[in-house]
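Reading through the structure tokens given below for one structure.
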Number of protein chains: 2
Amino acid sequence: MTISLKQLSLLLGLSQTTVSRALNGYPEVSEATRKRVIEAAQRHAYMPNPRARSLATGRAMAIGHVLPLAGPSDMVNPIFADFLAGAGTVYTRRGYGVHLSFAEAGREAEHFRWLTRQRMVDAVVLHSPRAEDERARALADLDIVFGVHGLLGARREGYNYVEMDNRAAMELATCHLAGLGHRRIAFLNGPAGLNFAREREAGFLSVMEARSLVPNRLWMLNDEMSEDYGHRTAQRLCRGSPRPTAFLAGSILVAAGVHRAVLEAGLRVPRDVSIVTHDDMLSFLPNGDPPRLTATRSPVREAGQRLADILIDQVEDRTRPPRGVILAPELVLGASTGPAPAEAPA
Amino acid sequence: MTISLKQLSLLLGLSQTTVSRALNGYPEVSEATRKRVIEAAQRHAYMPNPRARSLATGRAMAIGHVLPLAGPSDMVNPIFADFLAGAGTVYTRRGYGVHLSFAEAGREAEHFRWLTRQRMVDAVVLHSPRAEDERARALADLDIVFGVHGLLGARREGYNYVEMDNRAAMELATCHLAGLGHRRIAFLNGPAGLNFAREREAGFLSVMEARSLVPNRLWMLNDEMSEDYGHRTAQRLCRGSPRPTAFLAGSILVAAGVHRAVLEAGLRVPRDVSIVTHDDMLSFLPNGDPPRLTATRSPVREAGQRLADILIDQVEDRTRPPRGVILAPELVLGASTGPAPAEAPA
DNA sequence: TGCATCAGCCAAGGCGTTTTGAAAAGCCTT
DNA sequence: AAGGCTTTTCAAAACGCCTTGGCTGATGCA
């Protein structure tokens, strides 16, 4: 079927040792032989058997991504998918595989222990981290290389991570709205416990404060980001008086719900109400041209690539210090934002 | 770190052979020793090293899922995610892993060859099959166990597959609409080349014909299922005269676009226009209670489980004939359908 | 010339399993 | 007591790779 190291060495009249060393770039082999070996390897399409290799080296040549088993969770989350697609290209290029596994919520620590005891993976990626994340603690205790897609609480050093600058994103968005004259802004944020939601709130508040605007605390909401959440909330707020002139939505789904509620209330976008969203899923809901929604965007796919490289670097040289990357978001102007409507006289 | 077979056998005063056989259920070992071995294995939390095992057996103990590398493709598709979540539970339960890899579009065949030559996987799952699928041919030629999430053209035997009954789904939906008196139904189907779209069209047409209704061919459309597609198309059709009284959407995203366009046109759902969609993503857009949209649903997660079991069964006994499963859809009544508005007098 | 050094290569052992072929032990028969 | 079975056990080889330690012949130095 496929040629083995032994066969190749027999073919070349060399020992397995020499062929192995030649291919793996060890110095103790003459350049002439190395060239001959490499050429023969290519000709016979030799590829080392990853299983045998990792049995011998003790290295897994795989990075683990662990997903919660039940419920409408990460796996169904397009962000995760896009992140993995980005990471996947790097893994493939550098000869690593993905080890995808599913763990019951709450038993992740045990799962990690199993993964590492079995040497299934060389490193692990943590998705959707919480501020106080017991999974991160478990990983640190296990002395395994790991990286986080997001931040662990306020900490920004001592571990590998890739994060979009959530604070900057909301600052951009809030600045944009404030610049258009909006003062009554509703902020439909993500779940309160999650880090990125805190960061976003900080960004929102800092701009409001800088502009001497007073945020309406009743309009700052936290929930799972669903279309339903956006719709339900916007419907309620649009009935109130005064109502918001602008909505800041945490995701495209939330924005879609808001948009629907606003239309149903007989209001026009952006004449009566402006909508800005954070868009982390890019291509998932194709925007037209010009884009329908004004949105802040982060390069999720690139985030995956960056973290993959960071992890593999550290796996291959355990002495490397941990690295963190903060990716800058951009604001894409769309057709959903415009000047705030004139204030009704008080 | 973790105990090996050798250490366990030493501990028991038995040979590796006997311990191995005892644990793997071979008959040529006395019940007394087997019991002793199993008990010791549990006590020391022994788990065989999967790499060593598959090196020895030649079996990979993994199922491959190959995704297109570039573009807004499967990976970003929540259907795929949900399917994998379902399959994942079965893989884990039966001791298999997932091998997720990314192949450039058009070079999948080569990728499969590599996967099998390297014995990376014992079986492969094909996603989003086309009627004439060169990937399926490549897999068949390679003599590897594989299964399809969907159908290969009209063929319904000779290979493993799990499919939702697309035809039945559209029959259900069309019957529902026709029963409410709708005659002017627009059908926003998926891409023309894909199988499921053909099946769905057949279902739609068969009911129309059975009820002696004449479908408007100009209202039967095919495209990638995006929110934009739904919006664009519904906007156009709502401007026409006569306009459709009902829309049959291929996915929730399409339905969302339709819904938006209908609202923007100043029409009401379901008073002026009814909407039925096929919902393959279940929990992704949480519906309220009662559900917002009337929808046909298919159990994607269950589909993943079924195919996983079929594949592993065949891997473990290659003589088993291929199996196909067609899962029945259900119609979930929501708030988006109602009686057809009275005809304007002609 | 003798001795140490070094580049280049190799034989063999190890990674943790499964599996083959054979030996040992037990039980019947005769 | 010996032979023939069957049951139970084992030592060793294999899977395909990496790596340790050692071997050869050439080179440098004194």
Side-chain angles (χ1 to χ4, degrees), chain A residues 1-38 40-41 44-62 95-97 114 116-120 122 316, chain B residues 1-38 40-41 44-62 95-97 114 116-120 122 316:
Chain A
M1 189 90 184
T2 175
I3 196 174
S4 78
L5 185 65
K6 191 175 193 170
Q7 293 167 37
L8 190 63
S9 66
L10 245 46
L11 230 63
L12 282 161
L14 289 168
S15 76
Q16 296 189 40
T17 311
T18 307
V19 177
S20 171
R21 307 228 103 140
L23 292 173
N24 291 339
Y26 282 73
E28 57 268 77
V29 52
S30 74
E31 277 314 309
T33 345
R34 185 190 304 278
K35 198 170 170 187
R36 202 158 66 90
V37 169
I38 289 179
H44 294 89
Y46 167 75
M47 298 207 62
N49 178 320
R51 265 168 254 282
R53 161 177 282 185
S54 62
L55 186 58
T57 58
R59 293 201 9 221
M61 299 305 287
Y96 283 68
W114 177 72
T116 52
R117 275 189 43 152
Q118 292 293 77
R119 292 256 160 68
M120 304 289 301
D122 296 315
E316 295 183 345
Chain B
M1 191 91 181
T2 175
I3 196 175
S4 78
L5 186 66
K6 190 174 194 169
Q7 293 166 36
L8 191 62
S9 66
L10 244 47
L11 231 63
L12 283 160
L14 289 169
S15 75
Q16 297 189 39
T17 312
T18 307
V19 177
S20 172
R21 308 228 103 137
L23 291 173
N24 291 338
Y26 282 73
E28 56 268 75
V29 52
S30 74
E31 278 314 310
T33 24
R34 184 190 306 277
K35 198 169 171 186
R36 201 158 65 92
V37 168
I38 289 180
H44 295 89
Y46 168 74
M47 298 207 61
N49 177 321
R51 264 169 256 281
R53 162 177 283 186
S54 61
L55 185 60
T57 59
R59 293 200 10 221
M61 298 306 285
Y96 283 69
W114 177 73
T116 53
R117 275 189 41 153
Q118 293 293 83
R119 293 254 162 69
M120 303 288 301
D122 297 316
E316 296 184 343

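Within every chain, numbering begins at 1; the chains are lettered A, B, ... in the order of the sequence lines, protein sequences first and strands thereafter.
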Handout entry: Side chain to side chain, Arg59(A) and Glu316(A), heavy atoms closer than 4.5 Å
Key = yes
Problem - Atom-to-atom span, CG of Leu12(A) to P of dC10(C) - whole angstrom - result: 10 Å
Problem - Estimated bend of the helix from dT1(C)-dA30(D) to dT30(C)-dA1(D) (axis per five terminal pairs, rounded to 10 degrees) - result: 60°
Practice task
Look at the side-chain N and O atoms of Tyr46(A) and state whether any lies under 4.0 Å from the OP1 or OP2 oxygen of dC17(D).
Solution key: yes
Exercise for the section: Return the nearest nucleotide to the side chain of Leu5(A); candidates are dT17(C), dC18(D), dT19(C). Expected result: dC18(D)
Practice task
Specify the separation, in whole Å, of atom CG of Leu23(A) and atom C1' of dG16(D).
Solution key: 14 Å
Handout entry: Under 3.5 Å donor-acceptor, Thr57(A) side chain and Arg53(A) backbone
Key = yes
Handout entry: Under-4.0 Å side-chain N/O to phosphate OP1/OP2 contact, Arg53(B) with dG16(C)
Key = no
Handout entry: Expected output: side-chain Ser54(A) to main-chain Pro50(A) donor-acceptor under 3.5 Å
Key = yes
Completion exercise
Leu8(A) atom CG is separated from dC17(D) atom C1', nearest whole Å, by 13 Å
Practice task
Whole angstrom is fine here: how far is it from CG in Asn24(A) over to P in dG16(D)?
Solution key: 17 Å
Handout entry: No-hydrogen, no-angle side-chain donor-acceptor test under 3.5 Å, Thr17(B) and Ser20(B)
Key = no
Exercise for the section: Ignoring the backbone of Ala56(A), work out which of dG16(C), dT9(D), dG14(C) is nearest its side chain. Expected result: dG14(C)
Fill in the blank from the handout: Testing dT17(C), dC17(D), dC10(C) for proximity to the side chain of Ser4(A), the answer is dC17(D)
Practice task
Could you check which of dC17(D), dT19(D), dT9(D) has an atom nearest any side-chain atom of Thr33(B)?
Solution key: dT9(D)
Practice task
Using a cut-off of strictly less than 4.0 Å, decide whether Ser20(B) has a side-chain nitrogen or oxygen near OP1 or OP2 of dT17(C).
Solution key: no
Completion exercise
Arg51(B) atom CZ is separated from dA14(D) atom P, nearest whole Å, by 25 Å
Practice task
Look up atom CG in Leu8(A) and atom OH in Tyr46(A), then write down how far apart they are to the nearest 0.5 Å.
Solution key: 7.0 Å
Problem - Value in whole Å for how far the P atom of dC10(D) lies from CG of Leu14(B) - result: 5 Å
Handout entry: dC15(D) OP1/OP2 closer than 4.0 Å to side-chain N/O of Asn49(A)
Key = no
Problem - Backbone N/O of Leu55(B) and side chain of Arg51(A): donor-acceptor pair under 3.5 Å - result: no
Practice task
Using a cut-off of strictly less than 4.0 Å, decide whether Thr57(B) has a side-chain nitrogen or oxygen near OP1 or OP2 of dT19(C).
Solution key: no
Problem - side chain to side chain contact (heavy atoms under 4.5 Å, CB included) between Trp114(A) and Met47(B), intermediate numbers included - result: CA-CA 10 Å; Trp114(A) 177 72; Met47(B) 298 207 61; 3.3 Å; yes
Practice task
For Leu55(A) and for Glu28(A), find the nucleotide of DNA chain D with the closest heavy atom, then tell me which residue's nucleotide is more 5'.
Solution key: Leu55(A)
Problem - Side-chain N or O of Tyr26(B) closer than 4.0 Å to phosphate OP1/OP2 of dT19(C) - result: yes
Problem - Touch class at under 4.0 angstrom, heavy-atom based, for Met47(B) against every strand present - result: sugar-phosphate
Exercise for the section: Enumerate the residue pairs fulfilling salt bridge (Lys or Arg N to Asp or Glu O under 4.0 Å) with a member in residues 6-23 of chain A, sequence neighbours excluded, ordered by first and then second residue. Expected result: Arg21(A)-Glu28(A)
Problem - base_contact_polar (dA11(D) base, Thr17(B) side chain, donor-acceptor, <3.5 Å) - result: yes
Exercise for the section: Using a 4.0 Å heavy-atom cut-off across all strands, classify Arg21(B) as base, sugar-phosphate, or nothing. Expected result: base
Completion exercise
From the candidates dC18(D), dT9(D), dT17(C), the one with an atom nearest any side-chain atom of Ser30(B) is dT9(D)
Practice task
Determine yes or no for a side-chain-to-main-chain donor-acceptor pair under 3.5 angstrom, with Arg119(A) supplying the side chain and Asn49(B) the backbone.
Solution key: no
Exercise for the section: Can you tell me the distance, in whole Å, between the CG atom of Leu10(B) and the C1' atom of dT17(C)? Expected result: 16 Å
Handout entry: Phosphate OP1/OP2 of dC9(C) contacted by Thr18(A) side-chain N/O (<4.0 Å)
Key = no
Practice task
Provide, to the nearest angstrom, the distance between the CZ atom belonging to Arg59(A) and the P atom belonging to dC18(D).
Solution key: 11 Å
